[in-house]
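First the structure, in the form of structure tokens, and then the observations on it.
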Amino acid sequence: MSEPRWRPSASRRVLELRARVNARIRAFMARHGILEVETPALLQGTTPAASITPFRVADGHAPRWLQTSPELPMKRLLAAGSGPIYQLCHAWRAGERGRRHNPEFTLLEWYRPGFGLAALMDEVEALLAWVTEGLRPLPPFVRLRWGEAMARHAGLDAPYTAGVEVLQSVLRQAGVEVDAAALGPDLDAWRDLVWVHCVEPALPEAAFVHDFPASQAALACVRPGDPPVAERFEAYLGGMELANGFFELRDPEEQRRRFAEENRRRAAAGLAPLPEDSLFLEALESGLPACSGVALGVDRLLMWLTGAETIDAVLAFPWERA
Amino acid sequence: MASYSTNEFRRGLKVIIDGDPCSIIENEFVKPGKGQAFNRVKLRNLKTGRVWERTFKSGESVEAADVLDVEMQYLYTDGTQWHFMHPETFEQVAAGEAAVGEAKKWLKEQDLCTLTLWNGEPISVTPPNHVILKVVETEPGIRGDTAQGGSKPATLETGAVVQVPLFIDVGDEIKVDTRTGEYIARASKG
């Protein structure tokens with residue numbers, strides 16, 4: 001691009017649209033009695049995750065970490081009896097840069113005590129209808145299980161139990177070339193590869209995917225059964241991942257075990273372990289109310305509203321111009 | 001040995017895949033929010049010209065290819081090798097038929113070409129975008145017809161055949177775009 005780097009990459013029209021979307025989000029939340037909160041972006045602990053690396057900030061004292069989402073401090077507010085809350089804020093994820101990724105991005109995150117996932121999916125759909133009103137027609141959301149999506153679009157007979165070899169043969173048939181040795185025996189990495197190549201592009205224009213494999217639960221409860229599944233959903237618009245929701249895990253022991261497991265996976269991938277957030281774990285010990293929560297990528301919502309091909313078109317200053 | 005991590009991938013980067021030097025044409029970062037990150041990469045094999053897509057696990061490293069583009073003057077061919085010379089160092093390099101490929105029908109002595117060298121060996125030859133070549137065979141020209149449409153094939157001194165306007169004659173020199181194989185203008189009258 002020959003345009004000077006000091007200039008914004010989003011047009012004036014898109015900047016106006018962003019302001020309008022933010023105002024509509026706040027109006028929706030106010031109408032639904034959800035309290036706006038602000039929590040620190042620079043935290044003493046992290047959310048250890050195998051595939052998300054936070055930025056470490058040093059000022060000569062103990063390191064701080066830029067939040068990868070406001071999840072942990074918001075759950076501390078919930079544990080302290082805040083009731084329903086939301087936050088519209090920036091989050092940071094190191095190394096995530098691409099057509100749909102900027103390492104610094106805007107999240108809308110909200111929590112609903114007493115809600116199950118179905119009720120929260122309804123609310124996500126209602127929010128999107130409210131925000132997109134008169135801007136772009138929103139098709140009704142199709143709800144499907146992760147396994148249904150994998151069966152329909154990747155042709156898997158037993159998606160939850162299919163092993164690495166079955167997934168490899170699906171990828172071969174789809175003409176996807178990859179270095180198998182580099183990916184190794186990590187079943188979830190192979191599932192993700194099938195997902196991004198075969199399933200994501202074929203999803204309905206507006207879709208909720210739920211019942212993820214138990215190993216992809218992150219901070220969601222696992223519902224026992226055959227197979228056990230994660231009580232987690234993802235919202236998709238135009239084949240683009242827009243939001244991730246959990247029926248939130250409340251058991252501190254299970255939470256510690258998952259953080260340790262994520263750090264084990266980081267070590268196996270040659271990544272440094274991340275310190276867990278002890279204040280969050282103390283809050284879980286004291287008791288988190290049964291609740292569901294969701295994080296929605298506001299930049300991606302703007303991409304869908306404007307039909308933008310790249311996230312740069314909806315950001316004032318993307319990473320290289322920041 | 002030098003290598004590049006996927007986060008250094010960018011258009012034009014030269015890497016070795018399955019033993020062959022390749023150039024990155026496109027690099028797309030994809031990642032499910034809670035899952036593994038990948039780079040979907042479109043590559044061109046610099047030896048065969050094949051373009052294809054390969055997916056890398058983000059963070060994976062790939063060996064760098066010591067590939068260099070050099071401007072060299074075309075000297076002559078002995079039928080099996082095409083000989084080039086560096087215009088300043090006078091160093092000479094011979095390229096085989098596989099490396100010269102389609103370029104051979106545009107090669108005229110003393111023209112400056114771009115040679116892609118891998119570990120010092122030529123793997124491809126790119127002729128200048130525009131070359132001036134003499135017509136050695138074509139139907140007789142229609143005198144004065146410089147404005148009318150219509151075209152006819154003409155064989156050039158290098159063996160290339162291009163469509164030319166009807167007024168072009170044997171002995172004329174014409175300017176051709178080597179990227180499209182199209183006639184641009186008459187350079188001199190024979």
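Worth knowing before you read on, the calculation uses all heavy atoms, side chains too, and leaves out hydrogens, waters and symmetry mates. As the structure is a computational prediction, the values presented were derived from the model and not from experiment. In what follows, every chain begins at residue 1, and chains take the letters A, B, ... in the order their sequences are listed.
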When the 4.5 angstrom heavy-atom criterion is applied to A:Asp179 and chain B, the contacting part is both
Answer with side chain, backbone, both or neither: which region of B:Glu60 has an atom nearer than 4.5 Å to a non-hydrogen atom of chain A?
-> side chain
Between NZ on residue B:Lys31 and OG on residue A:Ser51, distance to nearest 0.5 Å = 4.0 Å
Heavy-atom neighbours of B:Lys42 NZ exceed 12 at 6.0 Å = no
Are more than 12 heavy atoms from other residues, nucleotides or ligands located less than 6.0 Å from atom NZ of B:Lys14?
-> yes
Might you confirm whether atom CD of B:Gln163 has over 12 heavy atoms from other residues, nucleotides or ligands at distances under 6.0 Å?
-> yes
Chain B heavy atoms under 4.5 Å from A:Val178: which part of the residue, side chain, backbone, both or neither?
-> both
Which atom pair, heavy atoms only, marks the closest approach of B:Gly33 to A:Ile52?
-> O-CD1, 3.6 Å
To the nearest 0.5 Å, how far apart are CZ in A:Arg265 and CD in B:Gln36?
-> 8.5 Å
Where does A:Ala218 contact chain B at under 4.5 Å (heavy atoms): side chain, backbone, both or neither?
-> side chain
Measure the spacing between OG1 of B:Thr55 and CD of A:Glu177 and express it to the nearest 0.5 Å.
-> 8.5 Å
Taking everything shown except B:Gln92 itself, do over 12 heavy atoms lie less than 6.0 Å from its CD?
-> yes
Roughly how far, to the nearest 0.5 Å, is the CG atom of B:Asn7 from the CD atom of A:Glu96?
-> 12.5 Å
Kindly check if the number of other-residue, nucleotide or ligand heavy atoms within 6.0 Å of CD (B:Glu97) is above 12?
-> no
May I ask you to test the A:Asp192-B:Phe38 pair for a side-chain heavy-atom distance under 4.5 Å?
-> yes
Evaluate whether atom CD of B:Glu137 has more than 12 neighbouring non-hydrogen atoms of other residues, nucleotides or ligands under 6.0 angstrom away.
-> no
Are the side chains of A:Trp195 and B:Val30 in touch, meaning some heavy atoms are under 4.5 Å apart?
-> no
Do B:Glu28 and A:Arg100 pass the side-chain contact (heavy atoms from CB on, under 4.5 Å) test, and can you show the C-alpha distance, the side-chain angles, and the key distance before you say yes or no?
-> CA-CA 9 Å; B:Glu28 188 177 3; A:Arg100 293 173 175 173; 5.6 Å; no
Quick one: what part of A:Arg97 sits under 4.5 Å from any heavy atom of chain B, side chain, backbone, both or neither?
-> backbone
Highest number of heavy-atom pairs under 4.5 Å with chain B among A:Arg232, A:Glu200, A:Arg93, A:Glu234 belongs to A:Arg232
In Å, rounded to the nearest 0.5 Å, how long is the span from CG of A:Leu193 to NZ of B:Lys57?
-> 11.0 Å
Separation between CZ of A:Arg99 and CZ of B:Phe29, rounded to the nearest 0.5 Å | 13.0 Å
Any donor and acceptor pair, going by atom type alone, linking the side chain of A:Gln216 with main-chain N or O of B:Gly35 inside 3.5 Å?
-> no
Heavy atoms from other residues, nucleotides or ligands near CZ of B:Arg44 exceed 12 (cutoff 6.0 Å) | no
Evaluate the side-chain proximity of A:Glu241 to B:Lys34: yes if any heavy-atom separation is below 4.5 Å, no if none is.
-> no
